[in-house]
Amino acid sequence: MNLRLHDTATREVRDFVPLEEGRAGIYVCGLTVQSEPHVGHVRSAVNFDVLRRWLTASGYDVHFIRNVTDIDDKILAKSAEQGRPWYNLAYAMHAELTKALASINVLPPTYEPGATGTVPEMVELIETLIERGHAYAAEDGSGDVYFDVRSWPSYGELTRQGLDDMEPAEDADPRGKRDPRDFALWKGWKTTEPESAAWPAPWGRGRPGWHIECSAMASKYLGPAFDIHGGGVDLRFPHHENELAQSRAAGKPFASYWMHNAWITTAGEKMSKSLGNSLLVPSVLERVRGIELRFYMVSAHYRSHVEFSFEALDEAATSFRRIENYLERAAALLGEVPANGIWCAEFVAAMDDDLGTPAAVAAIHDVVREGNKLLADGPSDALRGNAASVRAMLGVLGLDPADPGWSDGSSGAEAEQLRGAVDVLITALLEDRAQARADKDWGRADAIRDRIKAAGIEIEDTPSGPKWSI
RNA sequence: GGUGGGUUGGCCGAGAGGCGAGGCAACGGACUGCAAAUCCGUGUACACGGGUUCAAAUCCCGUACCCACCUCCA
């Protein structure tokens with residue numbers, strides 16, 4: 001079976017046919033770097049990271065471009081509020097985003113262009129649109145340039161909306177627009193804005209409109225036609241609709257497939273406020289590990305709305321530990337298990353069916369159950385193959401616990417040393433307990449175990465002796 | 001007004017006409033000195049009302065409720 005993907009433009013799951021055999025170009029709308037990322041923000045990144053990994057695993061040469069919007073109205077407003085330069089805010093928040101994505105093992109894109117670094121290409125694109133009669137400089141002398149939606153008959157094709165059915169924007173200031181639905185390609189500099197937030201252009205200094213940046217960056221790095229364009233559902237309209245219109249109006253075929261991920265929202269209006277900051281990625285990671293947060297996200301289909309709750313998050317973490325425990329016990333028996341095992345047929349079928357990660361995870365659980373049975377019979381090739389298979393499938397989802405991508409500061413040399421020290425101490429206590437057990441002095445044996453437990457360390461008796469874990 | 005999505009067992013979360021995905025929790029059993037972990041077993045879930053069909057969570061019609069988006073900012 002071949003990979004099939006849901007295409008927003010056709011509203012159906014279609015076979016994925018790349019423009020060029022064996023190669024896939026993907027453009028994903030990243031974030032506007034205006035504040036710290038919360039779990040909702042990073043879901044999109046995780047979803048498209050899974051797409052990218054599956055394509056790569058399936059043999060495609062993937063070119064993955066994810067942009068950063070580093071200049072826009074919100075950034076200007078927030079930086080003014082905070083009394084710091086806009087570029088400082090954008091830079092700092094970009095760093096936070098990078099950190100957050102690394103903490104959930106999202107691979108760095110092939111390239112991460114920023115809007116401010118692509119201004120000349122945007123100016124070129126706008127010039128083309130003006131030449132072709134699809135854009136015009138505002139008549140009010142503001143220096144704004146607008147896209148002329150009436151000049152593009154197929155406007156609305158992505159979301160299947162007719163221009164005349166759209167709710168008229170009553171509060172919109174028509175300014176120099178010919179039609180209230182025309183959107184800004186270029187925003188003329190205003191005296192209230194910092195001079196550093198403006199770039200030279202034939203229509204006067206100014207800054208790019210929101211939509212033009214993605215058209216320019218996608219074309220620059222992937223070409224006028226590319227395979228997949230992704231982003232959150234809220235971007236379908238107006239952002240993606242506008243990108244599509246302006247790109248096609250400029251003579252570029254643009255994306256073959258449009259993919260949109262659903263949101264994570266918070267439960268109950270009453271709670272949303274109090275949850276507020278606690279949903280920032282670093283804060284969630286005080287409760288669960290990055291790999292567990294990622295597992296939580298991957299457990300739901302990317303097009304399904306997820307209502308975030310800490311209960312569900314904890315449950316997902318418990319579920320993931322079952323898989324992780326299996327791999328640990330297999331490794332204890334076999335030594336290092338290779339990461340290149342085979343994917344089971346159910347897993348492949350699930351992933352090929354529009355990235356059916358919930359079914360893929362179920363397939364992994366089934367293999368783990370088989371593995372747990374094999375574990376009882378001691379080391380074997382079957383066990384090795386099974387564990388390698390689990391690692392391989394987890395790897396496709398970015399969830400292989402042994403992936404170096406999960407190592408952070410806490411698992412460095414210092415942590416290793418600490419672990420060694422704890423091991424010596426616990427081993428001494430376990431020797432006492434073993435003696436007590438040999439003497440059938442259960443009271444003393446359990447007291448030792450309880451004491452260790454009170455320190456936050458669990459003791460499990462396994463066929464190969466007691467094992468400790470934090 | 002327009003466009004699209006949703007409502008599944010105690011909980012999370014798949015599926016899209018025909019053997020109850022998977023996980024978490026619970027209960028029973030096996031194993032264990034006791035645990036833990038693991039394995040085996042236990043559920044008559046598809047918002048509501050009609051209809052089509054040998055067969056409907058799944059298709060059709062209607063109803064209710066919820067959500068997203070509708071042109072800088074939404």
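Everything numeric here is computed off the predicted structure, so don't read it as measured data. Each chain gets a letter, A, B and so on, in the order the sequences are listed, and its residues count up from 1.
In this structure, NE2 of A:His239 is placed 12 Å from C1' of B:rU71, rounded to the nearest angstrom. Taking atom OH of A:Tyr326 as the reference point, atom C1' of B:rG22 lies 17 Å away to the nearest angstrom. Rounded to a whole Å, the CZ atom of A:Arg322 is 11 Å from the C1' atom of B:rC24. Here the P atom of nucleotide B:rC67 and the NE2 atom of A:His260 are 22 Å apart, to the nearest Å. Here the P atom of nucleotide B:rU38 and the CZ atom of A:Arg329 are 6 Å apart, to the nearest Å. A straight line from CG of A:Leu333 to C1' of B:rA37 spans 14 Å, rounded to a whole angstrom. In this structure, the CD atom of A:Glu12 is 15 Å from the P atom of B:rA16, given to the nearest Å. Protein atom CZ of A:Phe237 is 22 Å distant from nucleotide atom P of B:rC67, rounded to whole Å.
Here the separation of B:rG23 from B:rG17, taken at their C1' atoms, is 27 Å to the nearest Å. When the P atom is used for both B:rC67 and B:rU8, the distance is 15 Å, rounded to whole Å. For the P atom pair drawn from B:rU44 and B:rG5, the interatomic distance equals 34 Å after rounding to whole Å. Distance check on atom C1': B:rC54 versus B:rG1 gives 45 Å, rounded to whole Å. B:rU38 and B:rA25 have their P atoms separated by 9 Å, with the value rounded to a whole Å. Taking atom P in both B:rC46 and B:rC11, one finds a spacing of 13 Å when rounded to whole Å. The separation of B:rC19 from B:rA45, taken at their P atoms, amounts to 14 Å, rounded to a whole angstrom. B:rC40 and B:rG51 have their P atoms separated by 43 Å, with the value rounded to a whole Å.
The main-chain N or O of A:Glu121 is never found under 3.5 Å from a side-chain atom of A:Thr118 such that the two would form a donor-acceptor pair. In this structure, A:Glu241 contributes its side chain and A:Tyr155 its backbone to no donor-acceptor pair below 3.5 Å. The backbone N or O of A:Tyr27 sits nowhere less than 3.5 Å from a side-chain atom of A:Arg66 that would complete a donor-acceptor pair. Side-chain N or O atoms of A:Thr318 include one that pairs as donor or acceptor with a backbone N or O of A:Asp314 at under 3.5 Å. Within the 3.5 Å criterion, the main-chain N or O of A:Phe237 finds no donor-acceptor partner in the side chain of A:His240. Side chain of A:Asp439 to backbone of A:Asp441: no donor-acceptor contact under 3.5 angstrom is found. In this structure a side-chain-to-backbone donor-acceptor pair under 3.5 Å is present from A:Arg294 to A:Asn105.
Closest to the A:Asn372 side chain, of the nucleotides B:rC24, B:rC39, B:rA14, is B:rC39. Each of B:rG33, B:rU71, B:rU3 was ranked by its minimum atom distance to the side chain of A:Arg433; first place goes to B:rG33. The A:Lys373 side chain lies nearest to B:rC40 when the options are B:rC73, B:rU71, B:rC40. In this structure, the nucleotide among B:rC34, B:rC24, B:rU3 sitting nearest to the side chain of A:Asp461 is B:rC34.
Residue A:Gln161 is classed as a base contact, given a heavy-atom separation below 4.0 Å to a base. A:Tyr155 comes within 4.0 angstrom of a base, heavy atoms only. If you check every strand for non-hydrogen atoms under 4.0 Å, A:Lys187 touches a base. Across all strands shown, A:Lys440 has no heavy atoms under 4.0 Å from either base or sugar-phosphate atoms. Within the 4.0 angstrom heavy-atom criterion, base atoms lie near A:Ile459. Contacts of A:Trp210 with the nucleic acid, taken as non-hydrogen atoms under 4.0 Å apart, involve only primed sugar atoms and P, OP1 or OP2.
Remark: A:Ser79 OG to A:Asn88 CG distance equals 9.0 Å, nearest 0.5 Å. A distance of 8.0 Å separates CZ in A:Arg205 from CH2 in A:Trp189, rounded to the nearest 0.5 Å. In this structure, A:Ile212 CD1 and A:Leu185 CG are separated by 5.0 Å, a value rounded to the nearest 0.5 Å. Atoms CG and CG, from A:Leu279 and A:Leu313 in turn, are 9.5 Å apart once rounded to the nearest 0.5 Å. The structure places CD1 of A:Ile323 at 4.5 Å from CZ of A:Phe295, a figure rounded to the nearest 0.5 Å. Taking CG from A:Asp381 and CG from A:Asn386, the interatomic distance works out to 12.5 Å, rounded to the nearest 0.5 Å.
Between the side chain of A:Tyr146 and the base of B:rU71, no donor-acceptor pair under 3.5 Å is found. The base of B:rC34 sits with one of its N or O atoms less than 3.5 Å from a complementary donor or acceptor on the side chain of A:Arg449. One cannot find a donor-acceptor pair under 3.5 Å joining the base of B:rG4 and the side-chain atoms of A:Arg160.
Where A:Arg207 and A:Val233 each meet RNA chain B at their nearest nucleotide, the meeting point lying more 5' is that of A:Val233. The nearest heavy atom of RNA chain B to A:Arg303 and to A:Asn325 marks one nucleotide each, and the one closer to the 5' end goes with A:Arg303.
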Any N/O pairs under 3.5 Å between the protein and nucleotides 11-13 of chain B? List them or say none.
| from | atom 1 | to | atom 2 | distance (Å) |
| --- | --- | --- | --- | --- |
| B:rC11 | O2 | A:Glu315 | OE1 | 3.3 |

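Taking side-chain N and O atoms only, A:Lys453 has no distance below 4.0 Å to OP1 or OP2 of B:rA36. Residue A:Arg11 places at least one side-chain N or O closer than 4.0 Å to OP1 or OP2 of B:rG4.
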Walk me through it: do A:Trp263 and A:Arg43 pass the test side chain to side chain contact (heavy atoms under 4.5 Å, CB included)?
-> CA-CA 8 Å; A:Trp263 279 135; A:Arg43 179 184 186 188; 5.5 Å; no

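Proximity of residues 360-369 of chain A to RNA chain B (heavy atom under 4.0 angstrom from any strand atom) is restricted to A:Ala362, A:His365, A:Asp366, A:Arg369.
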Watson-Crick and G-U pairing of RNA chain B written in dot-bracket, each distance under 3.5 angstrom, with | for inter-strand partners | (((((((..(((.....[...))).(((((.......)))))....(((((..]....))))))))))))....

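Test A:Val46, A:Thr357, A:Asn261, A:Val50 against A:Tyr302 for side chain to side chain contact (heavy atoms under 4.5 Å, CB included) and you get one pass: A:Asn261.
Glycosidic torsion of B:rA14 falls outside 90° of 0, placing the base in anti.
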